[in-house]
Amino acid sequence: MVSENTLIDEIVSLCKRRGFVFQSSEIYGGFNGFFDYGPLGVELRRNIKDAWWDDMVRRRDDMVGLDSGIIMNPEIWKASGHVDGFSDPMVDCKDSKMRYRADQLFAAEIKVDGDSLGWVCLLESISMQDEAEKKAELIKRKAAKQGKLEAVDLRPFDELTQDEQAQVPSPATGKVGALTEPRDFNMMFETSVGALKDGSSTAYLRPETAQGIFANFKNIVDTGRVKLPFGIAQIGKAFRNEITPRNFIFRSREFEQMEIEYFIPQGEEVWQRYHREWIDTRRSWFGSIGLTSEYLGEEVHPKEKLAHYAKACTDITFKFPFGEHELEGIAARGNFDLSQHQIHSGKNLEFFDEGTKQKFLPHVIEPSLGVDRTFLAVICSSYQVDEVEGEKRTVLRFHPRVAPIKVGVFPLVKNKPELVDRARKLYSNLQQRWNVIYDQSGAIGRRYRRIDEVGVPFGVTVDFDTIEGDGSVTLRDRDTTNQQRLSEEDLFSYLEEKINL
RNA sequence: GCGGGCGUAGCUCAGCUGGUAGAGCACCACCUUGCCAAGGUGGAUGUCGAGGGUUCGAAUCCCUUCGCCCGCUCCA
């Protein structure tokens, strides 16, 4: 039994060894939080994105696509709240080495008849007021102070003055002076537009693709002949200057998103219905690309932890070797974004409903998925080490739909030119249709094992029956290792059915 | 940013108290191979993360630095 830590190590190692994922800038010593995708990785990524685009956009009547730019008018990020809200002041406790978000840390001065007895500090919680009052009583008793305890007024740490902050004890150790001043972390990458590098030219690399959709909402409504409900989908890179990128490609500074903004009429029961619908739609989609359903979970964000604009948010989670984490977030955002952009741009973004003859800002459901996270989940879900008669077999059980290479073509042996010629011909025929590989080196069993390791679902072997007998070839299945004989025409239709959903 | 761990071949790693770099797998070529690998022969491969110091001599000791991994905070 391998421990979970070595499991992810094995996967990282396989990803490099077989050309899926490389550490960015490796020859320069690497670059934290960035990754490159190799020959097999790029195929897998592309297949994941294509599957999503086909299912979410092309095969639906209520969806259209968009590709907005990575760099947009910086006003967009002021409207969306990213310029102010995306920076989280952090406070470190020098004593316990803990780090807190300043707005989640609450402190109050304990006063008895106007005399200060020091401060209390707590992490944000529902019961923090009660706890703070209990602590205050305790402090009063310890100080043996008579008189009236003044009301305990908890305030967020980042709203205190510098002098006040200096008196606040660490919530972990109770020590005064252990906390640092709040330090700003803005997650947006800045750049400057135009050759002149002054403040007025500051722009940002988008931290999410969503805002490009909202910014183009009016364009699409005006030109796209869309009716509510409808969605706008986008796949694209996004950038966040994460404090600590972690867990391989799970959290990186450059990543790719597949996002939908699904616009719906107003109304409490309306968004609740669509929210649930999208959770189910998205969940079943993960099955269609081969994610093991036991690894999938759902996590409903508690109301008090929701962002100010969100009415609800449910995560679809995946049990990674390093823990269960968010794959996709499905948020009900109300009409927050459109109303923000309406205010900031001064343009009317209301939708006119022909049926009800009403003008209003549609509400929105936002299923937002990370390509790289899906990529990792697909690999983790597929990775398996079989024990066959004491021998190990490493296999990636990719769903044929996402497998980077669909078929391996082999002559049974390479020292018979007839076999080689026939196999090469079959190879180039298949190559017109799919990404396939040809391999003639080593024993046939060895070649099967080699393609198992990169998740090729089918192996086709040209043997003596092919050239001397009925022309049939052997089709070997990766998962069962079963073999069957098929004519070349049957082979094509068989593969067609299995690969192209 | 702070704390802990770690950097030796493509991968996994060995190299003890300083003596001038190795194994297995993978890879390439040829042979062998009539259907589930690890047969044969031959071959390529390392600025021992980087810089500096100690020393006759450093992968090994010291200092500095960079990078990676884990925890805290954030999120797709």
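Below, chains carry the letters A, B, ... as their sequence lines are ordered, and counting in each starts from 1.
- The partner of B:C72 is B:G1, judged by Watson-Crick or G-U wobble contacts that both fall below 3.5 Å.
- The pair A:R373-A:E328 does not meet the salt-bridge criterion, since no charged nitrogen lies less than 4.0 angstrom from a carboxylate oxygen.
- Here the separation of B:A9 from B:G22, taken at their P atoms, is 14 Å to the nearest Å.
- The same atom, P, is picked in B:A37 and in B:C25; the two are 16 Å apart, to the nearest Å.
- Using a 4.0 Å heavy-atom criterion, one finds that A:F410 contacts no nucleic acid atom at all.
- With the nearest nucleotide of RNA chain B identified for both A:G33 and A:I249, A:G33 has the one nearer the 5' end.
- Note on A:S368: only backbone sugar-phosphate atoms sit closer than 4.0 angstrom, heavy atoms only; bases stay farther off.
- Nucleotide B:G24 is matched to B:C11 when pairs are restricted to Watson-Crick or G-U wobble geometry with both distances under 3.5 angstrom.
- When the P atom of B:U73 is taken as reference, atom NE2 of A:H325 falls 12 Å away, rounded to whole Å.
- Base pairing of B:U47: no nucleotide in any strand meets the Watson-Crick or G-U wobble criterion (both distances under 3.5 Å).
- For B:C75, neither phosphate oxygen OP1 nor OP2 lies less than 4.0 angstrom from any side-chain nitrogen or oxygen of A:N241.
- Taking the C1' atoms as reference points, B:U45 lies 9 Å from B:G10, given to the whole Å.
- For the pair A:K416 and A:D421, the salt-bridge criterion is not met [side-chain N within less than 4.0 Å of a carboxylate O].
- Picking from B:C69, B:C74, B:C35 the nucleotide with the shortest atom distance to the side chain of A:N32 gives B:C69.
- Among the atoms of the strands shown, only primed sugar atoms or phosphate atoms (P, OP1, OP2) are found under 4.0 Å from some heavy atom of A:E328.
- In terms of polar N and O atoms assigned as donor or acceptor, the side chain of A:R240 never comes within less than 3.5 Å of the base of B:C74 in a complementary pairing.
- Distance CG (A:L14) to P (B:A26): 14 Å, rounded to an integer number of Å.
- Under the Watson-Crick or G-U wobble criterion, with both distances below 3.5 Å, B:A38 has no partner in any strand shown.
- Among the protein residues, A:D477 comes within range of no part of the nucleic acid, since none of its heavy atoms lies under 4.0 Å from any strand.
- With rounding to whole Å, A:W52 atom CH2 is found 15 Å from B:A76 atom P.
- In this structure, the side chains of A:T466 and A:F464 stay at 4.5 Å or more apart for every pair of heavy atoms.
- Here A:R17 lies in heavy-atom contact (under 4.0 Å) with sugar-phosphate atoms only.
- For the OP1/OP2 pair of B:A37 and a distance below 4.0 Å, the side-chain nitrogens and oxygens of A:R449 include at least one atom meeting the criterion.
- Residue whose closest nucleotide on RNA chain B sits further toward the 5' end, between A:E259 and A:G445: A:G445.
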Base-contact (B) and sugar-phosphate-only (S) positions in nucleotides 27-34 of chain B, heavy-atom cut-off under 4.0 Å, - elsewhere:
S----BBB
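- A salt bridge does not link A:K319 with A:E294: none of the charged nitrogens is closer than 4.0 Å to a carboxylate oxygen.
- With hydrogens and angles ignored, no donor-acceptor pair under 3.5 angstrom links the side chain of A:R476 to the base of B:C35.
- Look at B:C61: its Watson-Crick or wobble partner, with both distances under 3.5 angstrom, is B:G53.
- A donor-acceptor contact under 3.5 Å links the side chain of A:Q483 to the base of B:C35.
- Here A:S13 lies in heavy-atom contact (under 4.0 Å) with sugar-phosphate atoms only.
- Per the geometry, CD1 belonging to A:I260 stands 15 Å off P belonging to B:A76, to the nearest Å.
- Note on A:E366 versus A:R333: salt bridge recorded, some NZ/NE/NH1/NH2 to OD/OE distance being below 4.0 Å.
- Using atom C1' as the reference point in both B:U55 and B:G46, the two lie 25 Å apart (nearest Å).
- Atom C1' of B:C66 sits at a distance of 16 Å from the matching atom of B:U47, rounded to the whole Å.
- Taking the P atom of each, B:C62 and B:A76 are spaced 45 Å apart, rounded to whole Å.
- Ring geometry for A:F410 versus A:Y448: interplanar angle over 60°, hence perpendicular rather than tilted (30 to 60°).
- The aromatic ring of A:F255 stacks onto the base of B:A76, its centre lying under 5.5 Å from the centre of the six-membered base ring with the two planes under 30° apart.
- In this structure, A:W285 atom CH2 and B:A76 atom C1' are separated by 13 Å, rounded to whole Å.
- Atom C1' of B:U60 sits at a distance of 14 Å from the matching atom of B:U54, rounded to the whole Å.
- Between A:E10 atom CD and B:C25 atom C1' the separation is 14 Å, expressed in whole Å.
- At the heavy-atom level, A:T317 lies nowhere under 4.0 Å from the strands shown.
- Geometrically, A:R424 engages A:Y438 in a cation-pi contact defined by less than 6.0 Å to the ring centre and at most 45° from the axis.
- Taking atom CD1 of A:I451 as the reference point, atom C1' of B:A38 lies 17 Å away to the nearest angstrom.
- Between A:R282 and A:E298 there is no salt bridge, since no side-chain N of the basic residue sits under 4.0 Å from a carboxylate O of the acidic one.
- For A:K406 (side chain) and A:R401 (main-chain N/O), a donor-acceptor pair under 3.5 Å exists by modelled atom type.
- A:D463 has a carboxylate O that lies under 4.0 Å from a charged side-chain N of A:R485, or vice versa, which qualifies the two as a salt bridge.
- In this structure, A:F248 places its CZ atom 11 Å from P of B:C70, rounding to the nearest Å.
- B:C69 and B:U33 have their P atoms separated by 48 Å, with the value rounded to a whole Å.
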